[in-house]
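Predicted, not measured: the structure shown is a model, and the values here were computed from it.
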Amino acid sequence: MTTDVNLAQLRALVAVADTGGFGAAADELGISQSAVSHAVGALERVLGAPVLMRGVPCRPTPLGEQVLPHARTAVASAAAVRTVATRHTGGLTGTVRLAAPTTVCQALLPGLLRDWKAAYPEVTVRVFEGEDAELPAWLEAGTVDAAVLVDAGPPLPGAVALGADSMHALLRRDHPLAGQESIHVAELEDDDFLLSEGGCERHIREAYRRAGTRFAPRHRIRDLNTLIGMVHAGVGVSVMPALALPMLPADCVLVPIRPAVHRTLTLTGPAGRPWSPVVSGLLVGVGAMTKGKALAAAPA
């Protein structure tokens, strides 16, 4: 019996850690659940200790946490070798795990996924939705291969600038301010303010700071759909990115705020390790696809 760690074992560990269960990992890898269990068990026998805590969801043990970054690197390197060979023969293939904020998932990704599918039918893109602050850590830890980052600073070579997304007031259509061309944030002081904790709080605070206006949110809501539902129900008003427009019911509107505040969106790979060829290929493609296009439709 071999005492070496092999790629199948590491691939199984990564899949279970990412999906949270043996069944879901089996679906992702296209093998049986017993094969995943056998691979993880074999890895644990080689290492001499458990790498996963069995439960719902499964989580890495302290040893597993130390092994996981190396396992991700090995799996990614093997995938890169396969992709290099495929590109050498004229095609682009593989799987890319892509993370993005909720509003980007709603407004930008559907079009990108459609275009990618048409241009690269052998590439599978798996989307992970997260908050702005989570995504850089996911990217650098290897949990995802690429991400749409907010205000990421100077872009890495090969990164694609998707544009700037402006902040807007979210109101019911029957709100007295709903018909204005723009709204000064001071005009929202008479309403209960609902704050999304999904990543835009710093942009909203910046608008209030620049206006010299007191910022006193009445409710803090983590889920963006819940916040929109509360505005829809007349509980209060909010401020959110223009890209939230596709998420709104018909009787809610977005109105630009003053002072204007923007967030920049960049599609990029990790800073701390080489990008896989399939990630590089997709980003070259999306750069061409988005050249000259507007980031999002203007809210009505």
Pairwise side-chain contact, Val148 with Leu108, heavy-atom cut-off 4.5 Å (strictly under): no

query: How close do Thr102 and Glu129 get, heavy atom to heavy atom, and via which atoms?
result: OG1-OE2, 3.0 Å

message: Assigning hydrophobic clusters by single linkage (Ile, Leu, Val, Met, Phe, Trp, Tyr; side-chain heavy-atom cutoff under 4.5 Å), is Leu7 placed with Val46?
response: yes

- request: Compare all side-chain heavy atoms of His203 with those of Val150 and state whether any distance is below 4.5 angstrom.
  value: yes

task: Share the residues that join Leu149 in a hydrophobic cluster, the rule being Ile, Leu, Val, Met, Phe, Trp or Tyr side chains under 4.5 Å apart at the heavy-atom level.
output: Phe128, Leu135, Trp138, Leu139, Val144

- prompt: Should we count CZ of Arg218 as having more than 12 external heavy atoms under 6.0 Å?
  reply: no

- prompt: With sequence neighbours left out, which residue pairs that include part of residues 55-66 fulfil the side-chain hydrogen bond (donor to acceptor under 3.5 Å, both in side chains) condition?
  reply: none

Verdict with reasoning, Val123 to Trp116, per side-chain contact (heavy atoms from CB on, under 4.5 Å): CA-CA 8 Å; Val123 173; Trp116 276 332; over 6 Å; no

statement: CG (Leu43) and CG (Leu13) are apart, to the nearest 0.5 Å, by 6.0 Å

message: Measuring from atom CG of Leu98 to atom SG of Cys105, what distance do you get when rounded to the nearest 0.5 angstrom?
response: 7.5 Å

Stepwise side-chain contact (heavy atoms from CB on, under 4.5 Å) check, Leu47 with Leu63: CA-CA 9 Å; Leu47 299 180; Leu63 174 61; 4.3 Å; yes

query: Would you say the side chain of Phe193 lies within less than 4.5 Å of the side chain of Val185, judging by non-hydrogen atoms?
result: no

- line: Heavy-atom closest pair (Leu254 atom, Pro241 atom, distance to 0.1 Å) is CD1-O, 4.0 Å

query: Hey, does Asp27 have a side-chain heavy atom less than 4.5 Å from the side chain of Thr19?
result: no

task: Indicate the atoms forming the closest heavy-atom contact of Val231 with Cys252, along with that distance.
output: CG1-SG, 4.3 Å

Asp151/Arg202 ion pair, N-O < 4.0 Å: yes

- prompt: Between OG1 of Thr143 and CD of Glu134, what distance do you get to the nearest 0.5 Å?
  reply: 10.5 Å

query: Less than 4.5 Å apart, any side-chain heavy atom of His168 and any of Ser166?
result: yes

message: Keeping Thr268 on the side-chain end and Ala159 on the backbone end, is there a donor-acceptor pair under 3.5 Å?
response: no

- request: Report yes or no: does Glu140 contribute a side-chain atom to a donor-acceptor pair with the main-chain N or O of Ala271 at less than 3.5 Å?
  value: yes

field: Nearest heavy-atom neighbours spanning Gly142 and Arg97
entry: O-NH2, 3.0 Å

- prompt: Atom CG of Leu282 and atom CG of Leu112: how far apart are they, to the nearest 0.5 Å?
  reply: 10.0 Å

task: Check whether any side-chain heavy atom of Val104 sits under 4.5 Å from a side-chain heavy atom of Leu243, and report yes or no.
output: yes

- prompt: Quick one: CG on Leu170 to NE2 on His232, what's the gap to the nearest 0.5 Å?
  reply: 10.5 Å

message: With a 3.5 Å distance limit and no angle check, can you tell me whether Gln180 reaches the backbone of Leu177 through a side-chain donor-acceptor pair?
response: no

- request: Can you establish whether the number of heavy atoms outside Arg222 located under 6.0 Å from its atom CZ is more than 12?
  value: no

message: Strictly distance-based, threshold 3.5 Å: is any side-chain N or O of Arg54 a donor or acceptor partner for the main-chain N or O of Leu52?
response: yes

- request: Test side-chain contact (heavy atoms from CB on, under 4.5 Å) on Met240 and Ser196 and set out the steps.
  value: CA-CA 8 Å; Met240 60 180 52; Ser196 168; 5.6 Å; no

- prompt: CG/Leu195 to OG/Ser238 distance, rounded to the nearest 0.5 angstrom?
  reply: 6.5 Å

field: Lys/Arg-Asp/Glu bridge criterion (N-O < 4.0 Å) met for Asp191, Arg172
entry: no

field: Nearest heavy atoms of Ala39 and Ala12, plus distance in Å
entry: CB-CB, 3.7 Å

task: Starting from the C-alpha separation in whole Å, work towards a yes-or-no answer on side-chain contact (heavy atoms from CB on, under 4.5 Å) for Ile31 and Val36.
output: CA-CA 7 Å; Ile31 60 178; Val36 175; 3.7 Å; yes

field: Heavy-atom check, side chain of Leu227 versus side chain of Met230, under 4.5 Å
entry: no

task: Give a yes or no on whether Met53 and Val16 share a hydrophobic cluster (residues Ile, Leu, Val, Met, Phe, Trp, Tyr; joining criterion: side-chain heavy atoms under 4.5 Å apart).
output: no

field: Nearest non-hydrogen partners of Trp275 and Pro270, listed with the distance
entry: NE1-O, 2.7 Å

query: If you draw a 6.0 Å radius around NE2 in His38, do more than 12 non-hydrogen atoms from other residues or ligands fall strictly inside?
result: no

field: Under 3.5 Å donor-acceptor, Ser37 side chain and Gln33 backbone
entry: no

task: Indicate yes or no: at least one non-hydrogen side-chain atom of Glu206 is less than 4.5 angstrom from one of Arg263.
output: no

